[in-house]
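Working notes for the structure below.
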Amino acid sequence: MAGKLKLATVWLGGCSGCHMSLLDLDTWLIDLAALADLVYSPIADQKHFPDGVDLSLVEGAVANEEHLALAQEVRHKSRVLVAMGDCAVTGNVTALRNQLGAPDRLLQQIYVEHGDARGVLPAAPGIIPRLLDRVVPLHAVVPVDHYLPGCPPAAPQIRALLKALLSGAPPPAGGRFG
Amino acid sequence: MDLAELNAIAAHERASRKPIRIACCTSLGCYASGAVELQQQLTAGVAATGRAENVEVVGVGCMGFCGHGPLVRIEPEDLLFEHVRPEQAPAIIAALDGGPCDVERGDPRHPFFARQLPIVRRNGGVIDPERIEAYIAAGGYATLYRVLHDVSPAEVIDQITRSGLRGRGGAGYPTGLKWATVAKSPGERKFVVCNGDEGDPGAFMDRSILESDPHLVLEGMAIAAYAVGAHEGYLYVRGEYPLAIQRLTRAISQARRHGLSGSQIFETAFDFKVEVRVGAGAFVCGEETALIASIEGRRGQPRPRPPYPAERGLWGCPTLINNVETFANIVPIIERGADWYASIGTARSKGTKVFALTGKIRNTGLIEVPMGITLREIIEDLGGGTPDGTPVKAVQTGGPSGGCIPASLFDTPVDYESLAAAGSIMGSGGMVVMDAGTNMVEIARFYMAFCMDESCGKCVPCRVGTVQMHHLLDKLVNGQATSEDLVQLEALCQIVREMSLCGLGQSAPNPVLSTLRYFRDEYAALLNAPSAAAPQPTD
Amino acid sequence: MAARTLTIDGQLVSARAGETILEAARDAGIAIPTLCHLEGLSAVGACRLCLVEVVGSSRLLPACLTPVSEGMEVRTASERLQANRRALVELLFAERNHVCAVCVASGNCELQNLAVQVGMTHVRYAYLTPQCSVDISHPQFGIDHNRCVLCTRCVRACDEVEGVHTWDVAGRGVNARVITDLGLPWGEATSCTSCGKCLLACPTGAIFRRGTSVAELERDPRRIAVIVASRQERW
Amino acid sequence: MAGALPRAAPAQEQDLAAPTVDNRQKILQATMRRHQYRPDALIEVLHKAQELYGYLSPTLLATVAHDLHLPPSRVYGVATFYHFFSLAPQGAHTCTVCLGTACYVKGAAALLAALEAETGLKAGSTSADGQLSLLTARCLGACGIAPAVVLDGLVIGHADAATLRARLHALLAQPPLAEEHHGSR
């Protein structure tokens with residue numbers, strides 16, 4: 001079946017609520033499986049983002065270096081990129097920390113000053129990614145093709161978007177923040 | 001006060017003059033450079049050498065050559081001294097006898113002076129601005145007398161209309177038309193307001209006029225009030241100009257004492273009471289509806305026009321608002337006639353314009369030149385080019401609302417339309433000269449920072465748009481901007497220009513647009529450049 | 001009643017003399033986005049969302065303040081206007097910290113509705129992320145400056161309807177803030193009559209009624225013990 | 001070389017006496033009376049209040065609001081709109097760098113940076129000991145002698161960092177000024 005499309009979903013700095021909403025599509029997910037192969041997703045066991053993805057839905061804001069690198073890789077390897085949900089579109093709750101200043105100071109406060117008795121900064125190079133100075137929406141680091149606001153976007157909205165994009169049509173307009 | 005009294009004051013003033021006159025500029029530039037002490041030393045020196053009989057030392061208004069101050073001129077020999085220090089007073093007094101004098105000499109026939117055509121600045125550097133008698137002796141208030149007795153309000157407006165005078169605050173609205181609108185607007189109570197909130201950084205024409213010849217402005221306002229049927233006036237002056245405020249306040253009380261302001265001026269039925277209002281540091285108050293709000297004691301926030309102040313202004317009454325230099329043109333026009341005035345300048349821009357020539361220019365100062373003179377004549381002939389002789393790169397006119405005109409367009413004549421076609425505006429008269437060391441993107445950022453800080457915050461596009469534009473310019477200057485940022489900057493310029501409520505926002509993008517138009521390569525060179533901005537320009 | 005006939009978006013519209021373009025358009029069922037405008041309050045023309053094109057005028061004019069005139073030709077939804085309005089809404093979202101997901105007004109917010117109305121999909125401008133305070137010193141109401149759009153509807157409602165003028169704007173530019181009395185906490189503003197008109201006027205979640213937001217319902221479980229104890233006394 | 005400027009406040013009438021701590025209230029009252037307590041005189045009155053007290057304290061603003069029959073929020077709104085008005089005490093000495101275009105083109109930004117480095121103050125702030133405020137101005141209209149700096153009311157033209165540094169040191173080396181010289185709390 002040559003026509004089957006490659007679909008990916010990506011989880012950056014978000015609460016996974018958008019993915020929960022995706023799962024709310026219940027039985028339609030079976031229809032979706034007929035339209036596309038899920039080649040990368042937090043709900044699929046796939047370590048590396050594959051090449052030649054047709055459509056990627058990205059949940060979450062860009063908050064640390066791993067997010068940044070992954071966002072760039074996803075953009076590079078995807079034909080169509082969708083910012084899914086308010087965190088990816090605006091930064092949303094993930095970006096609330098931007099008002100509190102640079103992350104070093106925050107980490108110090110949280111882990112040392114108000115932390116447990118050990119009071120040490122989490123440091124594990126290569127395992128725990130460093131936080132970026134500012135949390136930014138996806139389009140601030142890579143070009144984004146479509147936006148699906150909502151916290152989370154309702155399942156029918158995700159379905160409408162997927163239906164349209166997988167059939168090559170423009171996604172429906174609208175969608176609401178919050 | 002009647003005509004005989006006026007003439008008597010003038011005659012007495014002229015008769016008490018001494019054959020030799022040492023005029024000492026006491027306007028801000030010279031004032032700040034020690035002119036007051038110099039004047040004291042000169043006065044003491046004249047007395048000590050027993051010459052008080054035939055030599056007088058007079059503090060006068062701005063001579064214009066501010067970069068070379070303090071300035072001293074000796075009449076009738078017409079000797080000009082520059083950069084005079086107080087301890088050089090004896091040497092200057094010695095020069096009266098033709099003695100040796102090592103004080104720096106200026107050339108009164110230098111093109112800086114010779115190419116000027118002083119109309120509003122005719123008394124600048126000549127009379128003592130602190131004495132009404134000096135103004136009267138120079139012909140002052142005779143025009144007001146004639147107007148009140150022999151000329152109808154309609155005739156006054158006709159004269160102003162036919163003179164072709166346009167607003168000197170920047171926009172160039174025909175003055176006569178404005179006066180006619182206010183005159184026609186129904187209402188018992190009307191106001192005349194003089195806008196002395198000269199906020200453009202790099203402009204000090206109005207300060208100089210107010211400091212050098214306050215009565216000229218007051219007389220012009222009184223004539224305007226008579227013409228439009230107003231009896232109350234306000235002079236709104238920037239708080240940054242304490243010397244101008246002091247001289248103006250003094251001038252008003254002198255005029256009141258002489259029956260030239262207040263009730264029954266020149267013993268006619270005409271009343272005109274004028275008050276000074278001191279600004280408190282807000283550029284936006286130069287916008288006429290914001291200025292009105294400020295006079296009313298409120299936040300200086302503009303409101304949408306129409307209705308224009310000519311119909312509904314101060315306290316809802318018809319209000320005539322003109323700028324200082326506009327009012328300073330009134331007496332000369334009425335005195336010498338509309339035809340005379342209309343014979344000066346170009347087809348659509350009549351008369352003269354005062355410019356403050358500053359920046360990287362040899363001859364810094366104030367000049368009054370006929371409209372139609374080219375930028376090249378101003379910058380090269382009067383201004384003498386850059387101090388170190390390197391080429392001039394551009395000239396900025398119109399302040400934060402204006403633009404940068406490159407050297408390749410220096411043959412542009414100075415008139416409202418030509419400057420607008422070149423992407424700038426006449427503005428109130430600031431001309432800041434820039435040389436090769438000036439980074440044009442930094443200049444654009446400088447002006448945007450200004451507009452951002454001065455935005456009143458009322459309307460969304462100006463309040464937030466200026467911050468976003470400044471952010472993008474900052475990224476550019478710091479070499480962090482992408483080509484998308486540049487596209488976004490240009491788009492924002494358009495949005496802020498089209499959507500803002502008042503002139504501040506509508507024109508805030510101009511410095512960016514004009515530098516983009518002529519110096520796009522400087523923007524392009526900064527895109528994604530790893531190095532930081534060019535160094536701060538130095539002398 | 002003098003009538004005026006004009007064209008709005010190609011549609012012939014009849015309006016009363018003295019009516020604004022906005023009123024005439026709304027009567028005709030043509031929606032022009034607004035934010036600072038609120039029926040019952042004076043119009044200030046500050047948000048610039050209702051700017052429209054009028055044939056013969058080189059400038060865009062605020063529909064909320066421009067009176068209709070005979071034969072006037074108005075365009076309310078040209079491509080340029082739509083793009084500019086979208087930009088304005090984005091500028092507002094970028095200005096302060098509007099996080100719909102955690103806002104008490106979500107689903108009932110004029111700014112949120114505007115984003116939908118103008119087709120804003122995302123904010124192209126840099127978020128300014130200012131430090132804004134939340135003032136809950138008033139016993140009944142609170143104000144979260146993160147959500148304020150400086151429309152000044154609260155200021156006008158307080159001044160023009162309640163007649164008190166507890167609210168005003170302090171500072172200028174992007175640093176401007178609505179304030180009560182001498183910039184003190186709202187709860188200390190003695191002029192406030194607690195009438196709640198500012199709350200009614202606020203288009204966003206900036207001014208809110210206390211005790212209704214998430215996790216803010218004020219309860220006092222200890223009162224159960226008090227009730228039980230006093231009942232025992234009586235019986 | 002420098003000349004002192006008159007005070008930056010409306011000088012419409014001569015006050016009877018030099019202000020002392022005791023009669024400042026009287027002078028302020030006289031100013032309001034002269035304006036017949038008209039609300040539109042608010043800015044003039046605030047100019048006078050700041051001139052007398054050095055800054056506009058909440059008490060002072062409340063008095064002005066009360067006497068001019070204005071809502072307190074309106075007085076506060078006006079006082080915070082205009083750059084001239086300060087709601088916090090200023091330093092005993094002030095150093096104001098003009099950042100107008102002419103001064104900017106002649107290196108005012110570098111001059112300000114040098115002064116910031118020298119004093120350890122950010123523009124717009126006052127030293128912890130209350131001795132010095134480092135301020136900036138939009139444009140003093142002294143473009144002919146750019147760059148211009150005002151030290152305690154004295155305009156210095158053609159200013160350079162070395163001269164300013166020396167003058168600042170000389171100023172600050174003087175014995176500290178007593179509290180009442182720069183407004184009371």
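Protein chains get the first letters and strands the later ones, always in sequence-line order, with residue 1 at the start of each. Here the structure is a predicted model, which is why all the values come from computation and not from measurement. The basis for the numbers below is simple: all heavy atoms, side chains too, and nothing from hydrogens, waters or symmetry mates.
Residues Tyr76(D) and Asp181(C) come closest through the heavy atom pair CB-O, 3.8 Å. Of all heavy-atom pairs spanning Thr180(C) and Ser73(D), the tightest one is C-CB, 4.4 Å.
Residue-environment remark: CG (Asp67(D)) exceeds the threshold of 12 foreign heavy atoms within 6.0 Å. Within 6.0 Å of atom CZ in Arg80(C), more than 12 heavy atoms from other residues, nucleotides or ligands are found, so the atom counts as buried in its surroundings.
In this structure, chain D has a heavy atom under 4.5 Å from the backbone of Thr166(C), while its side chain stays farther away. Both the backbone and the side chain of Ala62(D) come within contact range of chain C, each with at least one heavy atom under 4.5 Å from a heavy atom of that chain.
The CG atom of Leu182(C) sits 10.5 Å away from atom CG of Leu60(D), with the distance rounded to the nearest 0.5 Å.
When Ala65(D), Pro71(D), Pro58(D) are compared by the number of non-hydrogen pairs under 4.5 Å with chain C, Pro71(D) comes out ahead.
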